[in-house]
There are 2 protein chains.
Amino acid sequence: MPQITASRAGRRDGVPIGELSRLTGVNIETIRYYEKIKMLQPPPRTEGGRRIYGLTDARVLAFIRRGRELGFGLEEIRALLALGGPGKASCADVRKIAAHHLDDIRTKIADLRKLEKLLATTIAQCSGNRVPDCPVLDILDIRRS
Amino acid sequence: MPQITASRAGRRDGVPIGELSRLTGVNIETIRYYEKIKMLQPPPRTEGGRRIYGLTDARVLAFIRRGRELGFGLEEIRALLALGGPGKASCADVRKIAAHHLDDIRTKIADLRKLEKLLATTIAQCSGNRVPDCPVLDILDIRRS
DNA sequence: CTTGCTCCTGTAGTCGCTACAGGATGCATC
DNA sequence: GATGCATCCTGTAGCGACTACAGGAGCAAG
């Protein structure tokens, strides 16, 4: 079998941090940061002290990255990893986290939409001339709004 | 006469920081923070060293607060204050800052809407049962997405 | 004069990174 | 085997916009 005689966790040919960074699109410093805050397990090292990563690390890191892209906080992602991890995931728990996050997103969208409308109509009223009463400053100023 | 001979800038009856905080809805620590980063002029002090604020401070602070509520960054607000300040404001400049900010808001809304759709449809597919393949974990996992 | 509130300065923590400084390692080439 | 250069290491400080102390001083009422 060409399969692996691993030192620890099924890992031969590891990649150094720079290549993991390229593979996953996550910055090198960010990877080390994730290790520091325990989002990632500390990988084994070379004799010289350099980190060596395997497939599992790449997948976990990609998972984290995707979660961040979806706007999850690191703590939420940590929870999702724990749920998805040792196979004992209850889908309902995962769903709960995601649903909560969806609520947050919807609230943010609603807030931003209000802002957008207010700003857009205000800017539309602004001629761009040098006018003593600027509508944009007006909505900012308590005296008039 | 019980009246006060104002020390500096036409200011009688000043209020202490706690009252300014109540008046404007801005946290005390935040007010001091604004002073430190020079969003606010350092106010005069009592003999004992306590800050005394006047009307102008309250208006500026309210302006900043409103700007923050509208999602402007402190640097943008600083610029707006400078423009609106000594009466020499060109409305076009104000408009430019606001329009740029509006662009940002619209971009954020668009991004969040994409996220919302993706998450919402994914969560909808989730039964909540203990299923080996959780759709929510699936979109996070590189293997399937 | 004591109680209790407000206020003071200064520092450190939040979140999720990013950007150094000042070295050590590893690999290819001569 | 020496050299050069890319990559890596640790540790610390910075970003934005605050918030949260710690440890002390001021001040008004009873």
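Chain A is the first sequence line, chain B the second, and so forth, proteins listed ahead of strands; every chain is numbered from 1. The model shown is predicted, which means the values in this text are computed figures rather than measured ones.
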> If you take all heavy atoms of A:R106 and B:A120, which pair is closest and at what distance?
Replying inline: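 Answer, listing the atom of A:R106 first, then B:A120: NH2-CB, 3.6 Å.
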For [N], take OP1 and OP2 only and decide whether either is under 4.0 Å from a side-chain N or O of [X].
{"X": "A:R68", "N": "C:dC17", "result": "yes"}
{"X": "B:N27", "N": "D:dC18", "result": "no"}
{"X": "A:R51", "N": "D:dC9", "result": "yes"}
{"X": "B:T30", "N": "D:dA17", "result": "no"}

> A:I28 side chain: which of C:dC17, D:dT12, D:dC8 is closest?
Replying inline: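 Nearest listed nucleotide: D:dC8.
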> Which one, D:dC27, D:dT10, D:dC18, comes nearest to the side chain of B:R50?
Replying inline: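 When the side chain of B:R50 is considered, D:dC27 is the closest of D:dC27, D:dT10, D:dC18.
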Round to a whole Å and report the spacing from [atom1] of [X] to [atom2] of [N].
{"X": "B:R32", "N": "C:dT9", "atom1": "CZ", "atom2": "P", "result": "7 Å"}
{"X": "B:E29", "N": "C:dT11", "atom1": "CD", "atom2": "C1'", "result": "13 Å"}
{"X": "B:K38", "N": "D:dA17", "atom1": "NZ", "atom2": "C1'", "result": "18 Å"}
{"X": "A:I17", "N": "C:dT25", "atom1": "CD1", "atom2": "C1'", "result": "14 Å"}
{"X": "A:E35", "N": "C:dT18", "atom1": "CD", "atom2": "C1'", "result": "17 Å"}
{"X": "B:L40", "N": "D:dA17", "atom1": "CG", "atom2": "P", "result": "15 Å"}
{"X": "B:R65", "N": "D:dA17", "atom1": "CZ", "atom2": "P", "result": "17 Å"}
{"X": "B:K36", "N": "D:dT19", "atom1": "NZ", "atom2": "C1'", "result": "11 Å"}

> Using a cut-off of 4.0 Å on non-hydrogen atoms, how would the nucleic acid contact of A:Y34 be classed: base, sugar-phosphate, or nothing?
Replying inline: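 Sugar-phosphate contact only.
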> Any salt bridge between B:R32 and B:E35, counting N to O under 4.0 Å?
Replying inline: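 So B:R32 does not pair with B:E35 through a salt bridge.
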> Below 4.0 angstrom, N of the basic side chain to O of the carboxylate: do A:E116 and A:R113 qualify?
Replying inline: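 Not counted as a salt bridge, because no side-chain N and carboxylate O are separated by less than 4.0 Å.
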> Does some side-chain heavy atom of B:N27 sit less than 4.5 Å from a side-chain heavy atom of B:I31?
Replying inline: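 The answer is no, as the side chains (C-beta and beyond) never meet within the 4.5 Å cut-off.
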> Between B:R22 and A:T46, which is nearer to the 5' end of DNA chain C once each is assigned its nearest nucleotide?
Replying inline: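 By nearest-heavy-atom nucleotide position, the 5'-most residue is B:R22.
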>> Using heavy-atom distances to pick each residue's nearest nucleotide on DNA chain C, tell me which of A:E47 and A:Y33 is more 5'.
In response: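 Closer to the 5' end of DNA chain C: A:Y33.
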> Atom CG of A:L20 and atom CG of A:L40: how far apart are they, to the nearest 0.5 Å?
Replying inline: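 Taking CG in A:L20 and CG in A:L40, the distance rounds to 8.0 Å.
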